There are 2 protein chains.
Amino acid sequence: MLKDIIDNNENYQPGLSIDCVIFGFHDNQLKVLLIKVERANKWSLPGGFIPVDQDIDTAAITVLNGRTGVEGVFLRQFSTFGKVKRNEQHFDKKALEYLQIEEEKGKWLMRRFVTIGYYALVDFSKILPNLTGRHEIVEWIDHKEVPELILDHREILDKALDTLRVELNLMPIGYNLLPEKFTIPELQKLYETILDKKLDRRNFLRKITNIGILTKLDEKKSNVAHKAPNLYSFDKEKYDEVLKNGLNQGW
Amino acid sequence: MLKDIIDNNENYQPGLSIDCVIFGFHDNQLKVLLIKVERANKWSLPGGFIPVDQDIDTAAITVLNGRTGVEGVFLRQFSTFGKVKRNEQHFDKKALEYLQIEEEKGKWLMRRFVTIGYYALVDFSKILPNLTGRHEIVEWIDHKEVPELILDHREILDKALDTLRVELNLMPIGYNLLPEKFTIPELQKLYETILDKKLDRRNFLRKITNIGILTKLDEKKSNVAHKAPNLYSFDKEKYDEVLKNGLNQGW
DNA sequence: CCGTTAATGTGTTATTGTGACGCAATGTAA
DNA sequence: TTACATTGCGTCACAATAACACATTAACGG
């Protein structure tokens with residue numbers, strides 16, 4: 001796969017790549033989709049290169065799709081990373097040998113790569129991790145327990161999380177991370193997890209319902225301990241409206 | 001200049017550039033620094049290429065510095081633009097001929113360029129426009145009267161302005177756009193101009209002073225019609241604190 | 001079968017923030 | 001001196017928010 005790209009490197013944007021931070025929510029944890037290639041001992045963000053005949057946004061969708069299979073999800077460019085030494089010594093001679101890439105062609109990989117960071121919000125329940133079979137492991141990992149990552153991927157992940165926290169105040173986020181039907185406590189847990197702080201149940205309910213994007217369903221969650229919470233869904237139409245205009249007006 | 005870069009194109013990041021949207025405030029107008037090269041009939045944002053041995057943020061500072069001469073100003077990356085056709089047919093044969101660039105070397109320029117957008121907030125009074133002398137015109141232009149721009153520079157400018165409007169709600173902006181001493185009405189005009197809407201004088205005063213980043217000086221503006229307004233300055237220390245923590249907490 | 005337990009749903013109150021506006025103070029110009 | 005535009009300060013009603021009290025529900029253990 002990588003070899004194919006290198007061998008036809010004139011078909012790809014040189015010195016430029018895309019890395020995706022894919023967020024999901026499960027078991028009251030904010031998870032990140034990470035991959036590990038067979039030979040490596042560090043994890044990395046799913047990423048890819050940019051065909052010269054594709055918009056960068058399209059290339060990002062391709063990367064996301066290749067890993068998750070889902071379409072039409074929330075995907076947003078958040079920052080571009082280009083420190084001089086960010087991928088220095090990442091592909092050394094040994095690595096090139098292993099990948100069966102000729103030294104001459106390998107030079108394409110050795111230069112400084114600038115990478116464009118995208119973050120995605122996906123419905124955890126709709127994603128099959130490890131759909132691979134190729135020489136890599138794909139796994140959802142709690143954002144608080146992310147192991148050492150290659151290159152500057154840790155920095156990229158942190159920046160994505162920062163951006164997500166800011167955006168949480170500007171737009172309704174839950175829609176993309178939760179299944180169609182969900183409970184208010186679940187939504188609150190999501191907010192608490194992202195913001196890493198406790199919120200008051202009752203005030204949260206009032207605030208979130210006042211936005212006017214939730215539809216209370218005539219249905220309760222079953223098979224739960226204690227009182228069964230009511231189910232809600234997002235009102236897509238009003239949701240899109242709020243998404244367009246933003247939440248906080250400020251001035 | 002451009003010829004030098006092309007002739008030594010192996011020293012620059014291929015297919016990647018930087019464009020800066022430089023904002024200034026003067027005469028109650030939000031101005032943008034634009035340039036026009038001699039032969040062209042359209043204006044463009046100041047931009048440049050990225051030396052392979054420079055961080056992209058450093059390269060952006062270089063671009064800004066080359067145009068304005070100021071240092072240590074607010075400069076922030078806001079988005080990266082990479083549509084396939086964004087610079088199609090920008091450098092045609094005629095242009096290359098005019099620039100005395102060989103056709104072979106010119107190919108470096110002909111591919112799709114991805115550009116990283118930065119926006120800067122500078123103190124208008126400290127900038128000398130048209131410090132050039134080279135074959136280009138540098139000019140401050142009211143953001144409401146920006147003429148047709150090359151490529152997708154209009155889109156880049158619009159996005160910068162959108163970002164600025166959002167950031168205005170998240171952090172204190174005025175510090176970078178106004179001279180050291182300023183009046184509340186001036187600051188209000190700045191906000192009104194950026195947001196393109198009228199604000200109530202009295203509520204604005206209350207809100208802006210409550211942030212706690214302004215120091216009321218024992219000095220009034222002189223030589224003005226009507227009542228002389230008081231002068232203020234930013235309390236750098238508190239300003240930095242607020243800048244770090246943000247304004248609106250949200251949740 | 002019933003009381004315990006740990007959740008959810010609903011309501012109350014005090015405080016703060018915001019929008020809309022009144023009015024006096026100030027300095028320029030006629 | 002007066003008219004006038006602009007600044008500075010204050011008031012009021014209302015909305016938003018934080019903190020908290022209490023009733024309701026359903027599983028579970030005895």
Side-chain angles (χ1 to χ4, degrees), chain A residues 27-28 168-172 174 178-179 181-193 195-233 242 245-251, chain B residues 27-28 168-172 174 178-179 181-193 195-233 242 245-251:
Chain A
D27 277 346
N28 290 340
L168 199 61
N169 293 324
L170 303 176
M171 54 181 66
L178 292 175
K181 297 175 182 179
F182 56 91
T183 69
I184 298 290
E186 278 167 3
L187 185 57
Q188 183 181 338
K189 291 274 164 46
L190 170 60
Y191 273 67
E192 289 181 339
T193 306
L195 298 172
D196 196 25
K197 87 177 171 196
K198 284 268 163 216
L199 301 173
D200 184 277
R201 278 186 314 117
R202 296 145 291 188
N203 295 334
F204 180 81
L205 171 67
R206 187 155 27 88
K207 244 181 130 170
I208 205 80
T209 50
N210 274 348
I211 298 176
I213 54 172
L214 296 182
T215 309
K216 188 172 183 175
L217 302 177
D218 202 18
E219 197 177 347
K220 284 170 192 283
K221 183 143 187 167
S222 52
N223 286 331
V224 290
H226 317 299
K227 180 169 181 177
N230 214 307
L231 284 170
Y232 286 77
S233 70
V242 175
N245 301 326
L247 281 176
N248 286 338
Q249 301 292 37
W251 300 90
Chain B
D27 276 345
N28 289 342
L168 199 61
N169 292 323
L170 303 176
M171 55 180 65
L178 292 175
K181 296 175 182 180
F182 56 92
T183 69
I184 298 290
E186 278 168 3
L187 185 56
Q188 182 180 341
K189 291 274 163 46
L190 170 60
Y191 272 67
E192 289 181 339
T193 306
L195 297 173
D196 197 25
K197 86 177 171 195
K198 284 266 164 216
L199 301 173
D200 184 277
R201 281 187 311 116
R202 298 149 283 192
N203 296 334
F204 181 81
L205 171 66
R206 192 181 35 191
K207 252 181 123 168
I208 204 80
T209 49
N210 274 348
I211 298 174
I213 54 171
L214 296 182
T215 308
K216 188 172 182 173
L217 302 176
D218 203 19
E219 197 176 346
K220 284 169 192 283
K221 184 142 185 168
S222 53
N223 286 333
V224 289
H226 316 298
K227 180 172 180 178
N230 213 308
L231 283 170
Y232 285 77
S233 70
V242 175
N245 300 327
L247 281 176
N248 286 338
Q249 300 293 35
W251 300 91

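Below, chain A is the first sequence line, B the second, and so on; all start at residue 1. Model, not experiment: these values are computed from the prediction.
- Rounded to whole Å, the distance from CD1 on A:Ile184 to P on C:dT8 is 11 Å.
- End-to-end axis angle of the helix from C:dC1-D:dG30 to C:dA30-D:dT1, from C1' rotation axes over five pairs per end: 0° (rounded to 10 degrees).
- Rounded to an integer number of Å, the gap from B:Ile208 CD1 to C:dG17 P is 15 Å.
- Residues A:Lys221 and A:Lys181 form no side-chain contact, since every pair of their non-hydrogen atoms from C-beta on lies 4.5 Å or further apart.
- Annotation: side-chain hydrogen bond (donor to acceptor under 3.5 Å, both in side chains) contacts of A:Asn28 (sequence neighbours excluded): none.
- Under the 4.5 Å side-chain criterion, counting only non-hydrogen atoms from C-beta, A:Ile184 is in contact with A:Tyr232.
- At a threshold of 4.5 Å between non-hydrogen side-chain atoms, the residues A:Leu190 and A:Leu178 count as touching.
- Interface limits on DNA chain D: the 5'-most and 3'-most nucleotides within less than 4.0 Å of chain A heavy atoms are D:dT17 to D:dA27.
- The only option from A:Lys207, A:Arg206, A:Arg201 that meets the side chain to side chain donor-acceptor pair (under 3.5 Å) definition with A:Asn203 turns out to be A:Arg206.
- Atom-to-atom, CG of B:Asn169 to P of C:dT18 comes out at 12 Å; the value is rounded to the nearest Å.
- The shortest distance between side-chain heavy atoms of A:Val242 and A:Met171 does not fall below 4.5 Å.
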For this session: Using the side chain to side chain contact (heavy atoms under 4.5 Å, CB included) rule, take B:Leu214 and B:Ile208 through it: C-alpha gap first, then chi angles, then the decisive distance, then the call.
Result: CA-CA 8 Å; B:Leu214 296 182; B:Ile208 204 80; 3.9 Å; yes
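- Formation of a donor-acceptor pair under 3.5 Å by the A:Gln188 side chain with backbone atoms of A:Leu199 is found in this model.
- Remark: P of C:dT8 and NZ of A:Lys216 are 14 Å apart, rounded to the nearest angstrom.
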For this session: Let me have a per-nucleotide readout for nucleotides 19-28 of chain C, 5' to 3', with B, S or -, counting only protein heavy atoms under 4.0 Å.
Result: BBBB--BBBS
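- Among pairs with a residue in residues 209-231 of chain A, none fulfils ring pair (Phe, Tyr, Trp, His ring centres under 6.0 Å), at least two apart in sequence or across chains.
- A:Glu192 has no carboxylate O lying under 4.0 Å from a charged side-chain N of A:Lys197, or vice versa, which leaves the two without a salt bridge.
- Using a 4.0 Å heavy-atom criterion, one finds that B:Asn230 contacts the sugar-phosphate atoms exclusively.
- Rounded to whole angstrom, the span from the NZ atom of A:Lys198 across to the P atom of C:dA7 amounts to 10 Å.
- For B:Tyr191, the ring pair (Phe, Tyr, Trp, His ring centres under 6.0 Å) criterion is met by A:Trp251, B:Phe204, not counting sequence neighbours.
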